[in-house]
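Counting convention: from 1, in listed order, for ligands and their atoms alike. Residues: numbered from 1 along the sequence shown.
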Amino acid sequence: MHNETNKIELVEKIKKLKEEKKALILAHCYQNIEVDEVADYVGDSLGLSRIAAKTDAKIIVFLGVYFMAETAKILSPNKKVLIPSLNAGCQMADMIDIEKLRLFKAQNPNVPTVCYVNSTAEVKSEVDICCTSSNAIDVVRSLNAPKVLFLPDKYLGAWVAKNLPDVEVISYNGFCPTHFKIVPEDIINLKKIHPDAEVLVHPECQQSVCELGDFIGSTTQIIKHTQESHSKTFIIATEKGVVDRLQRDYPEKDFILVSKKAYCHNMKQNYLEDVLFALENEQHEVVVDKDIAKRAILPIEKMIAIQNNA
Ligand code: 13P
Ligand code: SF4
């Protein structure tokens, strides 16, 4: 950990090195807030993928979990993509592997597969299209199919189904353990103390939690909604990083984290020291098997094209 003087030095060093090495630093909004001081872009999974797809930087330092860095590498195969900690996995992404995917598809033949980006490159290499939480409904709608397979997040799948009643969504049995820890009682109890608060919920939450939301959306959509809303107080049902940034950026409003348990340890591994180490040593480089990458890029690009047309 560092004090304020060290922090200023660290930020300066990172910025200088970033320029020298023509590196771009991308950070997910669940990261420790201090990394925003050096990040070129802070956003949700979709926003980060879009930037990774079009950057001309030589190096991308990805402050997020492994599947996000892997997605950046697939989209920018000629760039060096670095992730400071190789332990930053995603428990949801690990709930499905290629064998489980093949079995899921075999049980439901000839049905298009929609895969949340929270998945490994290998899994992406055998699906029809990817989605993120900000475009899942648009992606499924774009298929114009009566039935789709949705993986790995059953709660995001349920939310899509609710919004597209004409489509049969068959969801895989995966979920995000961080969002799963949020329970309806958290919201009910907070509403007793803050009856006028607006409740904003990420669609990775359980259905019983989503039902209590005034607004449901991805991290960026939640942030945008708070800017457009006239409410003064918000109960935020997603990961803590979103609340930290909202409170910093809009101090005139009150943002209440729904539960202390809404904390993803894998997303909190990077501090400024780790960013500096990654840049100085160009570690750890993300490598994706070329054949897998060649196939995995197709569903990701299809997703990006849909959103760009929207
Ligand atoms: P979004 O960035 O799409 O909101 O996803 C949330 C998440 O859990 C990322 O790991
Ligand atoms: Fe994975 Fe959930 Fe953490 Fe996102 S918040 S990285 S889905 S475990």
If we only consider heavy atoms of Glu204, is any one of them less than 4.0 Å away from an atom in ligand 2?
yes

If we number the atoms of ligand 2 from 1 as shown, the ones under 4.0 Å from a heavy atom of Asn118 are 7 (S)

> Lys79 side chain to Thr55 main-chain N or O, any donor-acceptor pair under 3.5 Å?
Replying inline: yes

The answer, listing residues by chain and number that come under 4.0 Å of ligand 1 through any heavy atom, is His28, Tyr30, Asp44, Ser45, Met68, Tyr116, Asn118, Ser133, His202, Glu204, Ser218, Thr219, Met267

Problem - NZ/NE/NH1/NH2 to OD/OE distance under 4.0 Å, Glu37 and Lys7 - result: yes

Atoms of type N, O or S from the protein that sit nearer than 2.8 Å to atom 3 (Fe) of ligand 2 number exactly 1

Where do His179 and Glu239 land on the side-chain hydrogen bond (donor to acceptor under 3.5 Å, both in side chains) test, with the steps shown first?
CA-CA 7 Å; His179 286 87; Glu239 212 276 340; over 6 Å; no

Report task. Decide whether Tyr271 and Glu34 meet the rule of one side-chain donor and one side-chain acceptor closer than 3.5 Å. Result -> no

Quiz item: Within 45 degrees of the axis of the six-membered ring of Tyr263 and under 6.0 Å from its centre: does Lys268 put its NZ or CZ there?
Solution: yes

Whether the side chain of Ser76 engages the backbone of Ala52 through a donor-acceptor N/O pair (distance < 3.5 Å, no angle test) should be reported. yes

- Query: Around Lys13, counting heavy atoms of other residues, nucleotides and ligands shown, do more than 12 lie under 6.0 Å from its NZ?
  - Reply: no

Notebook entry, point to check: Is a side-chain donor or acceptor of Glu168 paired with a backbone partner of Pro146 at a separation under 3.5 angstrom?
Noted result: no

Can a donor-acceptor pair be found between the side chains of Tyr66 and Ser85 at a distance below 3.5 Å? no

Practice prompt. On the 0 to 90° scale, with breaks at 30° and 60°, tag the Phe175-Phe180 ring pair as parallel, tilted or perpendicular.
Written response: tilted

